A.B. asks: 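Below are the structure tokens for one structure; questions will follow.
The figures that follow rest on heavy atoms only: side chains count, while hydrogens, waters and symmetry mates do not. These numbers were taken from a predicted model, which means no experiment stands behind them.
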Amino acid sequence: MSNTQFPATRMRRARQAPWVRNMVQTHTLTPSDLIWPLFVIEGKNIRTPIAAMPGVERFSIDLAVKQAREAALLGIPCIALFPNTPDHLRSSDACEAWNPENLMCRAIRAIKAEVPEIGIMADVALDPYTTHGHDGIVENDYVQNDKTVAALVKQAVCLANAGADIVAPSDMMDGRIGAIRTALEAGGLHNTLIMAYSAKYASAYYGPFRDAVGTIGRLKGDKKTYQMQPANHVREAIAEAQHDIAEGADFVMVKPGLPYLDVLAAVAQACDRPTFAYQVSGEYTMLQLAFAAGALERETTIYETLIAFKRAGASGIITYFAKEMAAMLKS
């Protein structure tokens, strides 16, 4: 047995200078680890700030194209698109979600035409299109699973036909991954990736996002009948991820991020697919407010939070800090 007693062992020897710290560092963060969420709105040459998310804006399609180009130049491999659907196009059945001329489809086509080298991940959920703010079809005050899955299939195929590289069901309905995979295969969309929001918790950290996509104030009740219970054992998250993989998911995701690092680590260890983490809007806004107050140093704190996801086993991170972090890493 090796001698692990002081002074034969001095753990600080490997921390004494940058060269040795860099040599023994076990995890790294690069721009290719990052996915940048972008919010799109109707109009031209329009950018509107999101009050609940300091530093984040909604972009009209023409400006979203420019943002995608900047992201690609920074080495970010993929953007995640989310729409703020005009009020008059929202309905109880969310039929705008599978309109091939909807905001998302037009944004995907425009970005692919101008920045073909960047991947596009498209959100698959009905809440940006419903009048009630739920992720599915509501009947008798309950989100109907199977009717919602049928709608999500139409939405996913529509987005894939528009050019989305990844469809990302964020709804937490049972069986939706298998149904979407079957429909993609039947439609000849064999190379469309599915990133399943496999372990998505009924979290208080989503509030700023709902402001961004225009669902805040619409939601009746909560989403606890379909999103996961934060107090439950990580076994449930592993089971959800394994179900999604069996149904055809290429990637799985844990959401939120930092409060669920234990879940992320367990899912990444147990599953044989790349596992992603989503640093959600509430996490982002808390850090921004801390930076504004002078309570935390900006660059080192952003890096530390993101490397924590890699240390826990994340293959990649969806984060509103992606563009800023990629620029820091580049420099």
A.B. asks: Cut-off 3.5 Å, side chains only: do Tyr284 and Gln288 have a donor facing an acceptor?
C.D. replies: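 Yes - a donor-acceptor pair under 3.5 Å links their side chains.
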A.B. asks: Determine which pairs satisfy ring-ring contact (aromatic ring centres under 6.0 Å, His included) with at least one residue from residues 52-84, sequence neighbours left out, and list them in order.
C.D. replies: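 For residues 52-84: Phe39-Phe82, Phe82-Phe209.
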A.B. asks: Which other residues belong to the hydrophobic cluster containing Ile46, where Ile, Leu, Val, Met, Phe, Trp and Tyr are joined when side-chain heavy atoms lie under 4.5 Å apart, directly or via other members?
C.D. replies: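 Once heavy-atom contacts under 4.5 Å are chained together, Ile46 belongs with Ile41.
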A.B. asks: Quick one: which residue pairs count as a side chain to side chain donor-acceptor pair (under 3.5 Å) with a foot in residues 201-217, not counting sequence neighbours?
C.D. replies: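 Applying side chain to side chain donor-acceptor pair (under 3.5 Å) to every pair that reaches into residues 201-217, excluding sequence neighbours, yields nothing.
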A.B. asks: Under the side-chain contact (heavy atoms from CB on, under 4.5 Å) rule, collect the residues that match up with Ser315, sequence neighbours excluded.
C.D. replies: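 So Ser315 forms a side-chain contact (heavy atoms from CB on, under 4.5 Å) with Pro274, Phe276.
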A.B. asks: Could you give the distance from CE (Met325) to CG (Leu34), rounded to the nearest 0.5 Å?
C.D. replies: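 Nearest 0.5 Å value for the CE-CG distance: 7.5 Å.
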A.B. asks: Between Glu240 and Lys200, does any side-chain N to carboxylate O distance fall below 4.0 Å?
C.D. replies: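 Salt bridge: no.
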A.B. asks: Find the distance between CG (Asn84) and OG1 (Thr48) and round it off to the nearest 0.5 Å.
C.D. replies: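 The OG1 atom of Thr48 is 7.5 Å from CG of Asn84, to the nearest 0.5 Å.
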A.B. asks: I need the Gln67 CD to Ile61 CD1 distance, nearest 0.5 Å.
C.D. replies: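 Going from CD on Gln67 over to CD1 on Ile61, the span is 14.0 Å.
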A.B. asks: Please, which pairs that meet salt bridge (Lys or Arg N to Asp or Glu O under 4.0 Å) have at least one residue in residues 114-124, sequence neighbours excluded?
C.D. replies: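 Sorted result for residues 114-124: Arg69-Glu114.
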A.B. asks: Only pairs at least two apart or in different chains count here, so list each salt bridge (Lys or Arg N to Asp or Glu O under 4.0 Å) that has a residue in residues 161-171.
C.D. replies: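 Every salt bridge (Lys or Arg N to Asp or Glu O under 4.0 Å) pair that includes a residue of residues 161-171, provided the two are not neighbours, is Lys112-Asp165, Asp171-Arg176.
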A.B. asks: Could you measure the distance from the CD atom of Gln242 to the CD1 atom of Ile245? Nearest 0.5 Å is fine.
C.D. replies: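 Reported value, rounded in 0.5 Å steps: 6.5 Å.
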A.B. asks: Measure the spacing between CG of Asp33 and NZ of Lys310 and express it to the nearest 0.5 Å.
C.D. replies: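 It comes to 3.5 Å.
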A.B. asks: Identify the heavy atoms of Ala71 and Ile79 that sit nearest to each other, and give their distance.
C.D. replies: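 For Ala71 and Ile79, the tightest heavy-atom pair comes out as CB-CG2, 4.3 Å.
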A.B. asks: Under the 6.0 Å and 45° cation-pi test, does Lys255 pair with Tyr197?
C.D. replies: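 No cation-pi geometry.
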A.B. asks: From Phe309 CZ over to Ile307 CD1, what is the distance, rounded to the nearest 0.5 angstrom?
C.D. replies: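 Phe309 CZ to Ile307 CD1: 11.0 Å, rounded to 0.5 Å.
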A.B. asks: List for me each residue that meets side-chain hydrogen bond (donor to acceptor under 3.5 Å, both in side chains) alongside Arg15, sequence neighbours excluded, and say none if there are none.
C.D. replies: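 If we apply the side-chain hydrogen bond (donor to acceptor under 3.5 Å, both in side chains) test to Arg15, skipping adjacent residues, there are no hits.
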A.B. asks: Between Pro37 and Ile318, what is the shortest heavy-atom contact and its length?
C.D. replies: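 Closest approach of Pro37 to Ile318: CG-CG2, 3.6 Å.
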A.B. asks: Can you name the residues that form a side-chain contact (heavy atoms from CB on, under 4.5 Å) with Leu193, not counting sequence neighbours?
C.D. replies: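 Once residues adjacent in sequence are excluded, the partners of Leu193 under the side-chain contact (heavy atoms from CB on, under 4.5 Å) criterion are Ile166, Asp250, Phe251.
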A.B. asks: Under the salt bridge (charged side-chain N to carboxylate O under 4.0 Å, His left out) criterion, do Asp141 and Lys220 qualify, and how do the steps go?
C.D. replies: CA-CA 9 Å; Asp141 297 323; Lys220 306 298 188 293; over 6 Å; no
A.B. asks: Pro77: what forms a side-chain contact (heavy atoms from CB on, under 4.5 Å) with it, not counting sequence neighbours?
C.D. replies: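 Applying side-chain contact (heavy atoms from CB on, under 4.5 Å) to Pro77 gives none.
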A.B. asks: Between Arg109 and Glu101, is there a side-chain N and carboxylate O pair less than 4.0 Å apart?
C.D. replies: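 Looking at Arg109 and Glu101, the cut-off is met.
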A.B. asks: With a 3.5 Å cut-off and sequence neighbours excluded, list the donor-acceptor pairs that the side chains of residues 145-155 form with protein atoms.
C.D. replies:
unit_1, atom_1, unit_2, atom_2, d
Asn145, OD1, Asp174, N, 2.8
Asn145, ND2, Asp174, O, 2.9
Lys147, NZ, Glu139, OE1, 3.2
Lys147, NZ, Glu139, OE2, 2.7
Thr148, OG1, Ile137, N, 2.8
Thr148, OG1, Gln144, O, 2.6
Gln155, OE1, Ala125, N, 3.2
Gln155, NE2, Ala125, O, 3.2

A.B. asks: Could you tell me whether a side-chain N or O of Asn102 sits under 3.5 Å from a main-chain N or O of Asn99, the two making a donor and an acceptor?
C.D. replies: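 Checked: pair present.
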A.B. asks: Pair up each side-chain donor or acceptor in residues 259-270 with any protein partner under 3.5 Å, not counting sequence neighbours, and list the distances.
C.D. replies:
none

A.B. asks: Testing the basics here: between Gly136 and Leu126, what is the closest heavy-atom pair and its distance to 0.1 Å?
C.D. replies: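 For Gly136 and Leu126, the tightest heavy-atom pair comes out as CA-CD1, 3.8 Å.
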A.B. asks: What's the verdict on salt bridge (charged side-chain N to carboxylate O under 4.0 Å, His left out) for Glu70 and Lys323, showing C-alpha distance, side-chain angles and the deciding distance?
C.D. replies: CA-CA 8 Å; Glu70 290 180 18; Lys323 187 178 175 184; 2.4 Å; yes
A.B. asks: Assess the side chains of Thr300 and Glu297: does a donor N or O sit below 3.5 Å from an acceptor N or O?
C.D. replies: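 Checked: Thr300/Glu297 side chains pair up, N/O donor to acceptor below 3.5 Å.
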A.B. asks: Can you sort out the partners of Thr225 under side-chain hydrogen bond (donor to acceptor under 3.5 Å, both in side chains), two or more places apart, ordered by chain and number?
C.D. replies: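 Here no residue qualifies.
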